[in-house]
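One structure is given below, encoded as structure tokens.
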Amino acid sequence: MRKEHDFIGELEISNECYYGVQTLRAVENFRMSGRVLKDYPFFVESFAKIKKAAALANKEIGVLDPQKADALAYACDEILAGRYAEQFVVDMVQGGAGTSTNMNINEVITNIALEKLGHKKGEYAFLHPNDHANLSQSTNDTYPSAIKLSMFYKLCSIKSQMQTLAAALRKKASELKGIIKMGRTELEDAVPTTLENSFNAFASYIESDLDKFDFAAKTMRVLNMGATAIGTGINSHPDYKASFLRHLREITGEEFVLAKDLVAATQDTGDFVFVSGVMKTLAVRVSKIANDLRLMNSGPRCGLGEINLPQMQPGSSIMPGKVNPVIAEVVCEACYEVVGCDATVTLCAQRGEFELNAVEPGIAFALFNAAVLLENALVTLREKAVVGLTANKEACLKAVQNSVGIVTAFNPVIGYEKSASIAKEALQSGRAVGEICLERGYLTKEEIEEILKPENMLNPQMKRKV
């Protein structure tokens, strides 16, 4: 064991721990979600990149001893290599605007660097978590900047999965070309369409959000590093910001930029609300696709039975042979969680007061959970539902032929009133609409057969003047 102190007092810490006294206090104080920093490795990696860029910048402008700076940079590289992951133990849901997270990172980096310099953990007289690892920084610029780095990468990753899913849907549409099915509005028979149309529409949902994700990722490139406490840059060197930005770009290979107004950027969390909204919009669209597949798959004998989703697992502990559309269901659940996360982001963002938003950890937790769920939903839907599904061509065609909805095709020829009357009688008698139309003498058998050809009901066919 070793003893560490802060201005509140002294605590004993196991020598196996690379974190220090402030992290330990946070572990004792914040037992909320059960999800800790190490559960979000992309967030830890983003912090490590920021801390490395800060150390190198401080070295370059001459405010940090080169040996100390190099040791801190080495520690960041160790973290980026995936080592010491178990040391990031603070609950994601925490008070203090993220200070506990920042200090967990600072303490781990410092103690790794101390050992690199030949010292023991906790010998902060040689290298200090606040004086050196946090030099020229504040939680109030490192924490939101680490969120932005993390979300930039997650948005890019989600976009890639969106493109892959859209391509899979386009491919499936091509495979199902020519299969006619009944279109439905408000769960009632409407007019015929094709499975190709349905799956191309699904792909268009996804593709319509690609530009939104590009713009959302662009907003995450704008950081408030160098703002320190409230945007004024107190306790930092005048040359720090430019040097930091240059080093961060070298480390990440990405063109991150600094906000024009650091005071505004430090207190405003509107960009996170926008990003959350973009993810929510996609989640709504993906859940619609998943639920449509679920309904199209219903049956197998007493439902619509238009498609067959891949059979993934037994569906009942009591009903033999039952198979449930579990993939469509879990994708919907994930998407609903994303919608809930958006509500959390919105509420947390509107709680910013004056120069800072104290509940940014709530924003981070919700954004990260939404991003992880959404990406996994896209992958799962594609791999376990879309790629392997097949069509029941005969069932689709039979539904079209038996539908009263096809009477709509008579409208341009005999008018709405006569068509409605035919539909009413067909529903009451169970007879076919074409049979009733012929009996009433509205059209000849040849005219009816031509109108009711499925292919003639899929495109604009209006010819007469009304």
Check your understanding: Given the rule in the side-chain contact (heavy atoms from CB on, under 4.5 Å) test, do L11 and E4 qualify, once you have shown the distances and angles that lead to the verdict?
Key -> CA-CA 6 Å; L11 291 176; E4 290 193 18; over 6 Å; no
Point to revise | T266 and D141: CA distance, side-chain angles, deciding distance, side-chain contact (heavy atoms from CB on, under 4.5 Å) verdict | key: CA-CA 7 Å; T266 303; D141 59 3; 5.7 Å; no
Point to revise | side-chain contact (heavy atoms from CB on, under 4.5 Å) between I289 and I206, intermediate numbers included | key: CA-CA 10 Å; I289 295 171; I206 306 300; 3.9 Å; yes
Exercise for review: Mind running side chain to side chain donor-acceptor pair (under 3.5 Å) on T142 and N102 for me, showing each step along the way?
Suggested key: CA-CA 7 Å; T142 60; N102 187 37; 3.2 Å; yes
Exercise for review: Go through M225 and L258 one step at a time and tell me if the side-chain contact (heavy atoms from CB on, under 4.5 Å) criterion holds.
Suggested key: CA-CA 7 Å; M225 286 301 297; L258 298 183; 4.2 Å; yes
Review point. Can Y40 and F88 be said to form a ring pair (Phe, Tyr, Trp, His ring centres under 6.0 Å), step by step?
Key: CA-CA 10 Å; Y40 301 82; F88 300 102; over 10 Å; no
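Contact of the Q161 side chain with the R382 side chain is registered, since non-hydrogen atoms from C-beta on lie closer than 4.5 Å.
Side chain of R170 to backbone of N200: a donor-acceptor contact under 3.5 angstrom is found. Using modelled atom types, no side-chain atom of Q22 and backbone atom of D6 make a donor-acceptor pair closer than 3.5 Å. With hydrogens and angles disregarded, a donor-acceptor distance shorter than 3.5 Å links the side chain of S298 to the backbone of L295. Checked by atom type and distance alone, the side chain of Q267 pairs as donor or acceptor with a backbone atom of V263 at under 3.5 Å. Q137 places a side-chain N or O within 3.5 Å of a backbone atom of A133 that can act as its donor or acceptor partner. Side chain of K51 to backbone of I105: no donor-acceptor contact under 3.5 angstrom is found. Of the possible polar contacts, one joining the T164 side chain to the S160 backbone as a donor-acceptor pair under 3.5 Å is found. D268 contributes a side-chain N or O that, together with a main-chain N or O of G270, makes up a donor-acceptor pair within less than 3.5 Å. N357 places a side-chain N or O within 3.5 Å of a backbone atom of A349 that can act as its donor or acceptor partner. Judged purely by atom type and a 3.5 angstrom limit, T281 uses its side chain to pair as donor or acceptor with the backbone of G277.
When each of T194, T193, I179 is tested with C396 by the rule side-chain contact (heavy atoms from CB on, under 4.5 Å), just one qualifies, namely I179. Screening D271, I50, T219, N224 for a side-chain contact (heavy atoms from CB on, under 4.5 Å) with K148, the sole residue that qualifies is D271. The side-chain contact (heavy atoms from CB on, under 4.5 Å) test with L37 singles out one residue from V89, T23, N104, and that residue is N104.
The heavy-atom pair separating R249 from F256 by the smallest distance is NE-O, 2.9 Å. Of all the heavy atoms in D91 and M32, the pair that sits closest is OD2-N, 3.1 Å. The nearest pair of heavy atoms linking G226 to K241 is CA-CG, 3.7 Å. Residues M92 and P361 come closest through the heavy atom pair O-CB, 3.6 Å. Between H237 and V63, the shortest heavy-atom contact is CD2-CG1, 3.9 Å. Across every non-hydrogen atom of C341 and N369, the tightest pair is SG-CB, 4.1 Å.
We find that R25 and E28 are not joined by a salt bridge, their nearest charged nitrogen and carboxylate oxygen being 4.0 Å or further apart. Salt bridge D77/K52: present, at least one basic N to carboxylate O contact under 4.0 Å. Here D214 does not pair with K218 in a salt bridge; the nearest charged N to carboxylate O distance is not below 4.0 Å. A salt bridge is absent between K49 and E254; no separation between the charged side-chain nitrogens and carboxylate oxygens falls under 4.0 Å. E353 has a carboxylate O that lies under 4.0 Å from a charged side-chain N of R351, or vice versa, which qualifies the two as a salt bridge. Remark: E115 engages K121 in a salt bridge, criterion side-chain N to carboxylate O under 4.0 Å.
When only modelled atom types and interatomic distance are considered, R294 and N291 share a side-chain donor-acceptor pair under 3.5 Å. Using modelled atom types, one finds no donor on one side chain facing an acceptor on the other under 3.5 Å when comparing N392 with K181. Side-chain N/O atoms of T101 and Q94 include a donor and acceptor closer than 3.5 Å. A side-chain N or O of S136 and one of N58 form a donor-acceptor pair less than 3.5 Å apart. When only modelled atom types and interatomic distance are considered, N106 and N130 share no side-chain donor-acceptor pair under 3.5 Å. Side-chain contact of N111 with Y124: a donor-acceptor pair under 3.5 Å is present, judged by distance alone.
The number of heavy atoms from other shown groups lying within 6.0 Å of CG (N376) is above 12. Within a 6.0 Å sphere centred on OH of Y336, other residues, nucleotides and ligands contribute more than 12 heavy atoms. No more than 12 heavy-atom neighbours from other residues, nucleotides or ligands sit within 6.0 angstrom of CD on Q67. Crowding of I8 atom CD1: a count of heavy atoms from other residues, nucleotides or ligands under 6.0 Å exceeding 12. Within a 6.0 Å radius of CD in E123, more than 12 heavy atoms belonging to other residues, nucleotides or ligands are found. With a 6.0 Å radius and a threshold of 12 heavy atoms from other residues, nucleotides or ligands, Q350 has its CD atom above the threshold.
Relative to the six-membered ring of Y74, K116 meets both conditions, a distance below 6.0 Å and an angle of at most 45° to the axis. Relative to the ring axis of F42, K154 places its NZ or CZ within 45° and under 6.0 Å from the centre.
Here the straight-line distance linking atom CG of L117 with atom CZ of F126 works out to 10.0 Å at 0.5 Å rounding.
Note: F43 and F368 meet the aromatic proximity criterion, with ring centroids under 6.0 Å apart.
Residues passing the side chain to side chain contact (heavy atoms under 4.5 Å, CB included) test with S243 are A57, E60, I61, R246, H247, sequence neighbours excluded.
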